[in-house]
Amino acid sequence: MQFTAMILSNAEVSPGYWRMRLTAPPEFASASPGQFVMVRVNNAIDPLLRRPFGVFDVGTHTPAHSGAAAQPYFEMLYRVVGKGTAMLSTLHETDLLDILGPLGRGFDLGDSDEEKLIVGGGVGLAPLYLLARELVKKSPVRLFAGGRTRDDILCITEFERLGVECYTATEDGSLGECGLVTEALLRRLDALQGRASIYACGPHGMLNAVANIAAQRGIPCQVSLEGYMACGVGACLGCVAPGNRHSAETPDFRCVCTEGPVFESGELKWRD
Amino acid sequence: MQFTAMILSNAEVSPGYWRMRLTAPPEFASASPGQFVMVRVNNAIDPLLRRPFGVFDVGTHTPAHSGAAAQPYFEMLYRVVGKGTAMLSTLHETDLLDILGPLGRGFDLGDSDEEKLIVGGGVGLAPLYLLARELVKKSPVRLFAGGRTRDDILCITEFERLGVECYTATEDGSLGECGLVTEALLRRLDALQGRASIYACGPHGMLNAVANIAAQRGIPCQVSLEGYMACGVGACLGCVAPGNRHSAETPDFRCVCTEGPVFESGELKWRD
Amino acid sequence: MKPDMTVNLAGMALRNPVMTASGTFGYGEEFAEYVDLETIGAFVTKGLSLKPRAGNPTPRIVETPGGMLNAIGLQNVGIDAFIQKKVPFLRSVNTPAIANFFGNTVDEYAELAGRLDQIPEVAALEVNISCPNVKQGGIVFGTDPDCAAGVVRACRAVTKKTLIVKLSPNVTDVVAMARACEDAGADCLSLINTLTGMAIDLNKRRPVLANITGGFSGPAIKPIALRMVWQVAKAVKVPIIGIGGIMNATDALEFMLAGATAVQVGTASFINPGAAQQIAADMENWLTDNGVADIKSLIGALQA
Amino acid sequence: MKPDMTVNLAGMALRNPVMTASGTFGYGEEFAEYVDLETIGAFVTKGLSLKPRAGNPTPRIVETPGGMLNAIGLQNVGIDAFIQKKVPFLRSVNTPAIANFFGNTVDEYAELAGRLDQIPEVAALEVNISCPNVKQGGIVFGTDPDCAAGVVRACRAVTKKTLIVKLSPNVTDVVAMARACEDAGADCLSLINTLTGMAIDLNKRRPVLANITGGFSGPAIKPIALRMVWQVAKAVKVPIIGIGGIMNATDALEFMLAGATAVQVGTASFINPGAAQQIAADMENWLTDNGVADIKSLIGALQA
Ligand SMILES: Cc1cc2nc3c(=O)[nH]c(=O)nc-3n(C[C@H](O)[C@H](O)[C@H](O)COP(=O)(O)OP(=O)(O)OC[C@H]3O[C@@H](n4cnc5c(N)ncnc54)[C@H](O)[C@@H]3O)c2cc1C
Ligand SMILES: Cc1cc2nc3c(=O)[nH]c(=O)nc-3n(C[C@H](O)[C@H](O)[C@H](O)COP(=O)(O)OP(=O)(O)OC[C@H]3O[C@@H](n4cnc5c(N)ncnc54)[C@H](O)[C@@H]3O)c2cc1C
Ligand SMILES: Cc1cc2nc3c(=O)[nH]c(=O)nc-3n(C[C@H](O)[C@H](O)[C@H](O)COP(=O)(O)O)c2cc1C
Ligand SMILES: Cc1cc2nc3c(=O)[nH]c(=O)nc-3n(C[C@H](O)[C@H](O)[C@H](O)COP(=O)(O)O)c2cc1C
Ligand code: FES
Ligand code: FES
């Protein structure tokens, strides 16, 4: 789906991290957690390509004054890293953006009798909030949020409001535990009684660690990948990631924008 | 001089024509009528080159509430014709623009005992307002403003407020006389008693007609030219215009940005 | 009155001159949601090889000022899977599908051309000669007139379908390349393919692309493409398809003035998946607004 | 500690690697208001010919996506006026001034090189070989290795000053051109000159430039320039000056990683007349921030 969205709000939620709410057509409400949008930052050729962002939340705003129509919206949580995201952060309420999406294959919500362990690194939390919103309806959910410093730990209050139990870890110890968030995950897995399933999004190194943990313990694990994208619709083949049978001699590439961005971790190739 | 200007106002004064007021450093006040600025429309590469605009007015704004410092400013009058001017028209108060200028050689104000005949076509009026402001201090000034239709006749009230007698002509007769503005100019020249001198800015065809009239009658005439400009400072040699000795065999080019944009019409090459 | 948008491309009648470029439109199906394929003139599939190709390691793409580099490595399903999985879709669409293909030897090119010739759903063949010739130390076929002519002759011998040869811009003399391909039997020339470029990640001190260099496309390359189309159009008799940085109807019409009979839209489809359809519609509107009854009257109509 | 910004360009010591490119910086004086010339490494003058040249009719420039085309037609004051009117200024500046020049025959090149060799204020010579050879049917010197080598040999014979040869990018094999110039006696290679491009005015149905085609420069061409610098740097021993679309310090440092010992800033000076000075300052800051003590350690340091 391609549509013109109007910005409803755009605010810095932590230094360098922004949350933007945009109008959406009613069909957008069926976006599944883990799907993404391709945003055209402006109509000029700089930046040229669309930028991919996860869907942080979807909803419908019912204006306070009676009479106004209910307005479906979606949200993005983004980090300013380069030209495109810097430009997004300068946009205001009522500015318009051309959006393509929701795109890609989202998370499989799994069985309700599993404990859901969500692992997010930095802005990797973005697609996990909508996921948590769905998961809490049926299962206990725990969030393991990691970052370099406390500024990288985002929107924990929102997760807690859903009833998610949150663990945080920062590399510099400025918030929560000092160290990697995978340590808290491991402790939880050690203590675990019943079945569990892992959902992760964040830097590739973190995903690799989580995938290895999941493989060792035989726990189902889904990860959401990033990849340099031009089209977002499976045409350019720019975004691919190596699949589990991949080697230099017999390459096996998966298309992140159409087969992913969410994959069973076992489908992909990881370093040990 | 290169400086960052803040937009103080930006308003459409006639369909497709905008007037923008920007802050300027105090030195800008000495800009002479006919000089121009090179405006960097944004920091991205689209549009890439600066855009040249005449200086419409300069002044100092003394804020109403006492205590605030007086703010020197300058104004531009521009027509939306392409990408750069379209983007300018979307800018708001407090937005910033990178400005180079004032640049080039402006009008020679001539002798005070001459009647000053100013001829402007469409947005060609832009650099003529500041000129008129100077000229009225010493001489009687008449303005001949022409355009295709009445929307192209700009800021006549402002000229009248200076004490300038204004004649207008439109090709479709929707305002003033129906026809070319040079007809009113010719009539005035016929009726003229003493000395006169002509100042013109507008489409090249109009300048050509005015230059020919001036040559026939032996009246001093200055014209302000346009030329595709990359640098505005005499380095790229993109902006040149053929001088009076120009021919295909012995080219004679004048640099519009440094030797002009204002030239004695006799210095240039015209069609008969 | 509606302007006549049809053009004739070496015997192929197109409803309008707007095609999509190889490698930017998948096998057609990927864009079905965004483009009504029956509103465009034709579409070109991703480049095919005899065997499936997995392509290059990642990163494969990077944005540059006004353009992008790609080093996909010609990933494609191969001719067999194309026939089994992609051709059925082509049958369902009433718009010519053009198969783009490449090889690393003249024999591979000829074998592919021969097999594609047998597929009724393939309306025409577009030979990508911007590939290294493994038998001649990796020199790119499309940078040497004799090598290129060899490929074209071999393909010509095995197909009666419209044979389009896609020229590389990475040459000193594109006109010499064009003439060599025309003489060797090309029905039509398409140009330009991507220029070779490179991007560097300063902080990592590495090339951005795993492949180091990549193919440069997008609006940035338009001036080069337009110049080459103009030069070639003056020099050859066969029709030309203009490609390179076409983002809108104005760009497309400029290529036609320069001498192109049709155009291909590439990178623009990434930015706006409906680009090709939009461009065709806007071109028609431009014709109407400017009182041009027949788009063919614009081909090569540049006053230069 | 302040990082060491000096580089050595074939015997010329530069305070930093940032130079301005020929044709974009006048004869130096034009930018005195915006650039403290003693903050940059060197500056290159507008290309000189034996006789003054009036240049092409207008329009001479046009903006394109991310770049511009120019067809100035090598307008310049000629060598005599250069000596009389421009050299005195060069004397007043404690920064190497490099004279760029061109001819239409090998003899013209040699005569100019000989005369420039006699001017103490000229620190080095940059030969622009992107000009047509009127004795060989107008083939551009810089597109044929033998033609180019002929020019370089003739200039080399008459000057002991640092001889920089500026390569054209409009070639199939820039490495072959670079090797030919190195073998013929070039001390240094600068690349790239402009690509050949074209722009069309749809409504007028005419080329925008009076000259029809023009030289393409600006950020759009950077990927091509970077690729060529990288290819040439691997193939030759002489130092290289990287040119093409450099807008900021990051761009400049990327060219150095690719193998350039120095860089030239061209079109960027139009957009920001103080660009060269700013880039030099920002490069130094980058070195400081990244703990790089000596900029020379970056030359060719790309991990590829
Ligand atoms: C499926 C998917 C979902 C994403 N979701 C989010 C999200 O919810 N929030 C968020 O902050 N970021 C997200 N990202 C990363 C985000 O797309 C990049 O940070 C953004 O494109 C950077 O653009 P820029 O112009 O600021 O940076 P620049 O570095 O100037 O971008 C240059 C080019 O590189 C690409 N690029 C740069 N970084 C990345 C990256 N990490 N992944 C993919 N391409 C990149 C850009 O898209 C662009 O084409 C997601 C990426 C993908 C692939
Ligand atoms: C000395 C000088 C003073 C000027 N003063 C004014 C003024 O006060 N008000 C006003 O409205 N216009 C003025 N112009 C014309 C104005 O510069 C152009 O209309 C403007 O640059 C168009 O930019 P664009 O991006 O909207 O158009 P585009 O057509 O997208 O511009 C593309 C390129 O062409 C150049 N260009 C387009 N039209 C012209 C033109 N007529 N003259 C020179 N270059 C052009 C642009 O600068 C740009 O490089 C002046 C031009 C010059 C040379
Ligand atoms: C991601 C990508 C993949 C491409 N793959 C092919 C291909 O397989 N075969 C081919 O002949 N050209 C291929 N091209 C080149 C395009 O068809 C086209 O010639 C080029 O991109 C220039 O047009 P543009 O500027 O409109 O994109 C590819 C281009 C891109 C960007
Ligand atoms: C207006 C203009 C004039 C130029 N004149 C010359 C010239 O006289 N001699 C020359 O060798 N290069 C000339 N060049 C080429 C530049 O020196 C430089 O190689 C080219 O512009 C690429 O660099 P850039 O992208 O930074 O501009 C000129 C470029 C421009 C834009
Ligand atoms: S982004 Fe183009 S195929 Fe995935
Ligand atoms: S605009 Fe560059 S010389 Fe006049």
Side-chain angles (χ1 to χ4, degrees), chain C residues 62 64-69 139-140 142-144 168-173 177 195-207 209 212-214 216 218-231 245 247 249-258 286 290 298 301-304, chain D residues 62 64-69 139-140 142-144 168-174 177 195-207 212-214 216 218-231 245 247 249-258 286 290 298 301-304:
Chain C
V62 55
T64 69
M68 62 176 282
L69 300 176
I139 176 179
V140 172
T143 60
D144 178 87
S168 165
N170 300 299
V171 296
T172 308
D173 187 354
M177 294 300 312
L195 290 138
T196 307
M198 180 172 173
I200 289 177
D201 184 323
L202 173 60
N203 289 314
K204 295 191 185 147
R205 299 196 188 181
R206 286 183 180 282
L209 298 175
I212 304 179
T213 62
F216 183 21
I221 71 168
K222 193 184 106 180
I224 300 172
L226 212 47
R227 183 261 296 182
M228 289 189 168
V229 165
W230 179 72
Q231 288 178 321
M247 300 296 284
T250 304
D251 293 337
L253 291 164
E254 287 170 16
F255 274 88
M256 294 191 70
L257 288 180
W286 187 91
N290 288 272
L298 296 180
L302 191 74
Q303 288 155 35
Chain D
V62 55
T64 69
M68 63 176 281
L69 300 177
I139 175 178
V140 172
T143 60
D144 178 87
S168 165
N170 299 301
V171 296
T172 308
D173 187 354
V174 72
M177 295 299 311
L195 291 138
T196 306
M198 179 172 174
I200 289 176
D201 184 323
L202 173 61
N203 290 313
K204 296 191 186 146
R205 299 196 188 182
R206 285 183 180 280
I212 305 179
T213 62
F216 183 23
I221 71 168
K222 193 184 107 179
I224 299 172
L226 211 47
R227 183 261 295 182
M228 289 189 168
V229 166
W230 179 72
Q231 288 178 321
M247 301 296 283
T250 304
D251 294 337
L253 291 164
E254 287 170 15
F255 273 90
M256 295 192 70
L257 287 180
W286 188 91
N290 288 271
L298 296 180
L302 190 74
Q303 288 155 35

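Below, chain A is the first sequence line, B the second, and so on; all start at residue 1.
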**OP:** Apply the test side chain to side chain contact (heavy atoms under 4.5 Å, CB included) to residues C:Ile221 and D:Phe216: give CA-CA distance (whole Å), side-chain angles for both, the deciding distance (0.1 Å), then the verdict.
**Re:** CA-CA 10 Å; C:Ile221 71 168; D:Phe216 183 23; over 6 Å; no
**OP:** Look at D:Lys204, D:Met247, D:Arg206, D:Met228 and state which one has the largest set of heavy-atom pairs under 4.5 Å with chain C.
**Re:** D:Arg206
Subject >> Heavy-atom pair count under 4.5 Å with chain C, highest-scoring of D:Ile224, D:Asp173, D:Leu298 >> reply: D:Ile224
Original post:
Side chain, backbone, both or neither: which part of C:Asp144 has a heavy atom under 4.5 Å from chain D?
Top reply: neither
Subject >> Pick from C:Pro219, C:Ala301, C:Pro207 with the largest number of heavy-atom pairs that fall under 4.5 Å of chain D >> reply: C:Pro207
**OP:** Tell me, for C:Leu69 versus chain D, whether the close heavy atoms (under 4.5 Å) come from the side chain, the backbone, both or neither.
**Re:** side chain
Subject >> C:Ile212 portion near chain D, given a 4.5 angstrom heavy-atom threshold >> reply: side chain
Original post:
Less than 4.5 Å apart, any side-chain heavy atom of D:Thr64 and any of C:Leu226?
Top reply: no
**OP:** Starting at NZ of D:Lys222, measure out to CE of C:Met198 and round the result to the nearest 0.5 Å.
**Re:** 11.0 Å
Subject >> Proximal component of C:Leu195, with respect to chain D [non-hydrogen, under 4.5 Å] >> reply: side chain
Original post:
Side chain, backbone, both or neither: which part of D:Ala199 has a non-hydrogen atom closer than 4.5 Å to chain C?
Top reply: backbone
**OP:** In sequence, state the C-alpha distance, the side-chain angles, and the governing distance for D:Asn170 and C:Arg227, and then conclude on side chain to side chain contact (heavy atoms under 4.5 Å, CB included).
**Re:** CA-CA 12 Å; D:Asn170 299 301; C:Arg227 183 261 296 182; 3.9 Å; yes
Original post:
Checking heavy atoms, do the side chain of D:Leu202, its backbone, both or neither come under 4.5 Å from chain C?
Top reply: both
Original post:
Looking at C:Asp201, C:Val140, C:Thr196, which one has more heavy-atom pairs under 4.5 Å with chain D than the rest?
Top reply: C:Thr196
Original post:
Hey, which of D:Ile200, D:Asn290, D:Val171 has the most heavy atom pairs under 4.5 Å with chain C?
Top reply: D:Ile200
**OP:** Identify which part of C:Ala258 has an atom lying under 4.5 Å from any heavy atom of chain D, answering side chain, backbone, both or neither.
**Re:** both
